[in-house]
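Order of the sequence lines fixes the chain letters, A, B, ..., with proteins taken first and strands second; residue numbering starts at 1 for each chain.
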Number of protein chains: 2
Amino acid sequence: MDIQNLIDNISTNCSRIQKRTFVKGSIITTYMEKRRQICILTSGKADLIRYNLNGSQDIIDKFSKNDIFGETFYPVNSNNELVVKATDNCEVLIFLYDDISIKCKQNCKYHTELSANLLEIVIQNTMHQNTRIEVLSKRTIRDKLLTYFSILSNKNYNKKITIPFSLTSLADYLSVDRSAMMREIKSLIDEGFIIKESKNVIRLMY
Amino acid sequence: MDIQNLIDNISTNCSRIQKRTFVKGSIITTYMEKRRQICILTSGKADLIRYNLNGSQDIIDKFSKNDIFGETFYPVNSNNELVVKATDNCEVLIFLYDDISIKCKQNCKYHTELSANLLEIVIQNTMHQNTRIEVLSKRTIRDKLLTYFSILSNKNYNKKITIPFSLTSLADYLSVDRSAMMREIKSLIDEGFIIKESKNVIRLMY
DNA sequence: ATAAAATTGTTGCAAATGCAACAGAAAAAA
DNA sequence: TTTTTTCTGTTGCATTTGCAACAATTTTAT
């Protein structure tokens, strides 16, 4: 059973692992020190929001299908509140880190499977993070774009790439101003580095 | 045994887990598809370098004590070469992901311990990555600095923080031009946001 | 102790970026 | 279908940033 299948088929009748649904706009979880909760988003979208003491609130992460989150993976302290809010209707697996290493009462096979595959899931997440860090650490929008495009291209051994989300989301992922990014994409087209074949399909010429 | 102790005391006589030393300038490892090697740096410093097909080489990550790396955590493909180079004399634990889940011939206790704690080590790494991503995703140098400072401050519940490395390294961590960062630090001091108590010690006034 | 290397601090300037604002196109909801 | 919302595309302008270059200081190596 691969990870995708595991996540898709996880049982809801395990006493340790909940499968819950959340409507758009509701709070999925609040990060709490020492609890070590783990959540896996099986459908929908959600934002990780930081409420600072001074009242400001920042979206510091965005989650989509198969993303893993929870205070287990984030430095948490009492100086600010971290909250995950559903930006779409969501389905989420929720369990505690400490519960996953011990057998559940029913000794159910999903619990065992999840336990055996949690490391693999976390490693997959690490890979995504490493990719994002590599892109974010480029200094110019141009380099961020070219790096991101190259990674997509290399992954599929194809110069024709499909951006897996909207350009607005791409700007968020690259953490740059959208209009500045659009300007830069236009320059890349004008200078012959890329060809835009359709809205989300780009051909790399380098 | 906590993770730090585990890493410090790991046995060298386990057939599956090597403890190797590398002199400054030497290649610790080259990332290879499908091998799934895992390395833990127990002392020294190293750079992850990407050699692109066009001949350019980028430092895409920097490792120090207790950092974990290897192709297990990085998307690897044949279009470019990823190499870890010692920038100081290094001591490194090296093993394969697949070897860690099976018992070693000697059934040694370190192998067992490492196996049991690998998830915890990877999660710790995830936390560091999340922190870095939060900082890198700020758009201005000022916000990157203030976010980084706040995280340090919150962690220790103290407005007086000590930057754990040189300002040159801080600029690398934030992925910004060093001189521009110095200029921004000066502005933060002039505007009363921070006070520099000594070279690496800063007091936050916000 | 002395030399070499690394780090800090500073500045001018050109280039890149964010911000604000808006119109049109496309997609989603009613 | 029609309306509403989201997304794309564009531009002017002020601000921020990177780059280059250099001197002074501190740290490390010889």
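To the nearest angstrom, P of C/dT7 lies 15 Å from CG of B/D177. The distance from atom CZ of B/R142 to atom C1' of C/dC19 is 17 Å, rounded to the nearest whole Å. Distance B/M181 CE to D/dT16 P: 17 Å, rounded to the nearest Å. Atom pair A/I189:CD1 and D/dG9:C1' shows a separation of 11 Å (rounding to whole Å applied). In this entry the distance linking CG of A/L170 with C1' of D/dG9 reads 15 Å, nearest Å. Taking atom CE on A/M182 and atom C1' on C/dA20, their separation rounds to 16 Å, with Å as the unit. Counting to the nearest Å, the C1' atom of D/dC19 and the CG atom of A/D143 are 14 Å from each other. As a whole-Å value, the separation of B/D172 CG from C/dT7 P is 9 Å.
When each of B/K199 and B/K24 is assigned the nucleotide of DNA chain D with its nearest heavy atom, B/K199 is the one assigned upstream, toward the 5' end. Between A/E184 and B/A180, the one whose closest nucleotide on DNA chain C sits nearer the 5' end is B/A180.
For the pair A/F22/A/K85, no side-chain contact is recorded, criterion being any heavy-atom separation below 4.5 Å from C-beta on.
With A/S187 contributing its side chain and A/R183 its backbone, the two residues share a donor-acceptor pair below 3.5 Å. Between the A/D99 side chain and the A/L96 main chain, no donor and acceptor come within less than 3.5 Å of each other.
The base of D/dG12 sits within donor-acceptor range of the side chain of A/R183, with an N or O pair under 3.5 Å. The base of D/dG18 does not come close enough to the side chain of B/R178 for any donor and acceptor atom to sit less than 3.5 Å apart. At a cut-off of 3.5 angstrom, counting only N and O atoms as typed in the model, there is no donor on one side facing an acceptor on the other between the side-chain of B/S166 and the base of C/dA6. Interface remark: the A/T140 side chain does not form any donor-acceptor pair with the C/dA15 base, using a distance-only criterion of under 3.5 Å.
When the side-chain nitrogen and oxygen atoms of B/R139 are compared with OP1 and OP2 of D/dT16, none of them lie within a distance under 4.0 Å. Look at A/K196 and you won't find any side-chain N or O under 4.0 angstrom from OP1 or OP2 of D/dT8. Side-chain N/O atoms of B/K186 include none lying less than 4.0 angstrom from OP1 or OP2 on C/dT8. The phosphate of D/dT8 (OP1 or OP2) has a side-chain N or O of A/T168 nearer than 4.0 angstrom.
Counting non-hydrogen atoms of neighbouring residues, nucleotides and ligands closer than 6.0 angstrom, the NZ atom of A/K24 reaches no more than 12 such neighbours.
Counted by atom type alone, A/S153 and A/S150 present zero donor-acceptor pairs between their side chains at under 3.5 Å.
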